[in-house]
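Worksheet: one structure, shown below.
Order of the sequence lines sets the chain letters (A, B, ...), proteins ahead of strands, with each chain counted from 1.
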Amino acid sequence: MLDPRLYREDVDTIRRGLERRGAKVDLDAMVNIDIEKRKINGSLDQLKAERNAASDKIAQLKRAGNDPAAAEAAKQAIEKTRSLGDEIKAQQDKFDDLENRFREMALMVPNLPHATVPEGRSAAENKVVSEWGEKFSGPKPKHHLDAGKELGLFDFERGAKITGSGFPIYVGLGARLERALLNFFLDYHVANHGFTEISPPVLVNRQAMIGTGQLPKFEEDMYQVAADGLFLVPTAEVPVTNMHANEILDAAALPIAYAAYTTCFRREAGAWGKDTRGFLRLHQFDKVEMVMFTEPAKSYAAHEHLRTCAETLLQKLGLHYRVIELCAGDLGFGAAKCYDLEVWAPAEERWLEVSSVSNFEDFQARRANIRTKLDGKTQYLHTLNGSGLATPRVLVALLETHQTADGGLRIPEVLRPYMGGLTEIKAKKK
RNA sequence: GGAGGCGUGACCGAGCGGUUUAAGGUGUCAGUCUCGAAAACUGAAGUACGGGUAACCGUACCGUAGGUUCAAAUCCUACCGCCUCCGCCA
């Protein structure tokens with residue numbers, strides 16, 4: 001959520017920011033509601049002040065006790081004040097209605113892009129910031145689906161049988177490899193990057209989903225448990241950020257850095273037909289998410305730090321990747337600035353997004369009411385998060401990058417301790 | 001699932017219709033004392049919105065949402081959360 005004061009004091013800033021994003025919002029309607037709301041608020045406050053004064057007088061008269069004249073005066077005052085209550089109630093209802101309408105609209109307004117975010121309307125205009133490692137050379141490896149199937153690492157057909165498409169089953173060494181990746185990610189962040197490990201619920205309530213910005217706008221992308229009014233998390237960002245909702249965090253404890261592994265659930269409602277084959281777009285996948293809470297002045301340094309944390313993992317896995325800086329038009333709903341990490345898949349012959357590192361500034365903190373006391377002032381802090389990392393696409397890149405000549409898979413050194421020392425998943429002899 | 005208890009400021013905790021301006025304590029900040037610190041003493045200090053150049057004034061906020069009343073932290077209803085006991089299951 002944006003600072004509500006902006007709608008009164010500097011609508012142009014909002015207008016410009018939304019234009020950069022290409023977001024359509026009826027700002028004029030919001031401004032008008034706000035003006036009307038304030039008008040009513042003024043007269044409402046006045047009415048309440050009158051009533052309070054009258055009530056005080058009544059209290060005084062009553063305290064006079066046995067004086068019959070005072071008792072009579074009190075009776076009359078009560079009679080006179082009664083109608084005030086009705087008027088207050090009517091005005092209050094009008095005010096509440098306007099406020100609710102404003103809030104509903106405000107929750108649908110995306111964050112404003114940071115000044116450093118490049119201009120652009122779509123992913124085509126994103127900027128490549130850096131590239132690490134060398135482009136795969138040599139004969140084109142087998143496609144990850146074929147390679148994985150031959151090695152017996154996963155089973156899409158049976159996953160579809162018990163649930164539907166987009167819900168793969170990991171089998172044998174495939175399951176272990178996935179678990180190895182997650183353990184490596186988590187252990188590495190905790191041991192080397194100072195993150196505290198969190199294992200949160202994967203079902204959350206509506207308020208949490210609003211707090212991080214998934215709702216109300218993206219309800220159709222979320223899996224719901226209707227009977228309990230709960231949602232399956234699309235990312236650990238939701239429970240881990242909202243952990244601190246309605247709290248005032250000790251400034252001395254900042255920055256707070258959490259790393260959380262959860263399964264993630266996404267309906268991908270708007271993505272029919274896109275990447276439906278294989279691992280590239282799943283309804284259920286596993287991810288380690290990094291979440292940070294910082295004081296406002298330090299969030300951009302933290303943003304770079306998070307990006308580095310995610311990059312390190314890819315380097316340790318020996319994967320060729322690049323860093324993308326999203327342009328204004330491609331930014332996610334709540335992000336003020338965002339880097340994507342894309343890993344190269346040599347058989348797929350394209351870059352695959354494996355991490356999205358975003359700074360939300362105070363956008364989520366306002367929604368979830370997460371504050372800190374800084375220099376004697378209570379204020380919203382900044383939240384950030386980034387994947388570190390998501391397994392399916394990393395697995396794809398591993399299968400295609402570290403494939404042996406006969407279709408086996410070399411296990412990167414950092415994963416071997418998690419694979420019982422295994423150095424290679426060998427191709428089955430024909 | 002059944003019965004009972006409890007949700008109050010950064011934290012603990014009193015208040016259970018009207019001088020509440022939410023007592024008291026802890027913690028925080030400033031001052032006195034001290035070479036400096038601790039202790040002690042004195043004082044300051046909530047958040048949001050609106051009005052005003054400002055001092056300040058008004059309004060709202062005691063888990064959440066309704067209700068009763070001239071007036072609600074206080075009474076009523078529902079919901080949420082926590083605790084205790086019982087039952088059931090691991």
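Across B:C49, B:G18, B:A10, the shortest atom-to-atom separation from the side chain of A:Lys62 is found for B:G18.
Judged purely by atom type and a 3.5 angstrom limit, A:Arg51 has no side-chain atom pairing as donor or acceptor with the backbone of A:Gln46. Between the side chain of A:Thr262 and the backbone N or O of A:Cys264 there is no donor-acceptor pair closer than 3.5 Å. Between the side chain of A:Ser387 and the main chain of A:Ser356, a donor-acceptor pair closer than 3.5 Å is present. Between the A:Ser299 side chain and the A:Glu295 main chain, no donor and acceptor come within less than 3.5 Å of each other. Between the side chain of A:Arg121 and the backbone N or O of A:Ala328, no donor-acceptor pair lies under 3.5 Å.
For the pair A:Asn205 CG and B:G81 P, the computed distance is 9 Å after rounding to whole Å. Atom CG in A:Leu374 sits roughly 16 Å away from atom C1' in B:U47 (whole-Å rounding). B:U64 atom P lies 12 Å from atom CG of A:Asn369, rounded to whole Å. Following rounding to the nearest Å, A:Arg206 (CZ) and B:C79 (C1') show an atom-to-atom distance of 16 Å. If you measure from atom NE2 of A:His244 to atom P of B:A10, you get 17 Å, rounded to the nearest angstrom. Between the NZ atom of A:Lys57 and the P atom of B:A71 there is a distance of 16 Å, given to the nearest Å. Here the P atom of nucleotide B:G27 and the CG atom of A:Asp250 are 15 Å apart, to the nearest Å. The separation between A:Lys373 atom NZ and B:C11 atom C1' is 12 Å, rounded to whole Å.
The separation of B:G46 from B:U28, taken at their C1' atoms, amounts to 13 Å, rounded to a whole angstrom. Comparing B:C75 with B:C6, their P atoms sit 10 Å apart, to the nearest whole Å.
The closest side-chain heavy-atom distance from A:Arg266 to A:Met222 is not below 4.5 Å.
Using a 4.0 Å heavy-atom cutoff across all strands shown, A:Ser55 reaches at least one base atom of the nucleic acid.
Under the 4.0 Å criterion applied to side-chain N and carboxylate O atoms, A:Lys337 and A:Glu361 are not assigned as salt-bridge partners.
Checked against the 6.0 Å centroid threshold, A:Phe156 and A:Phe279 count as a close aromatic pair.
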Bracket string, RNA chain B, 5' to 3' - pairs by Watson-Crick or G-U geometry under 3.5 Å, | interstrand:
((((((((.[[[..)..(.....]]].(((((.......))))).((((((....)))))).[[[[[..)....]]]]])))))))....

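Taking a 4.0 Å limit (strictly below) on heavy-atom distances, residues 32-54 of chain A reaches RNA chain B at A:Asn41, A:Asp45, A:Lys48, A:Ala49, A:Arg51, A:Asn52.
OP1 or OP2 of B:C70 has not a single side-chain nitrogen or oxygen of A:Lys75 nearer than 4.0 Å.
Where A:Gly85 and A:Thr378 each meet RNA chain B at their nearest nucleotide, the meeting point lying more 5' is that of A:Thr378.
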Stepwise side chain to side chain contact (heavy atoms under 4.5 Å, CB included) test for A:Leu249 and A:Arg371:
CA-CA 6 Å; A:Leu249 299 174; A:Arg371 295 169 296 171; over 6 Å; no

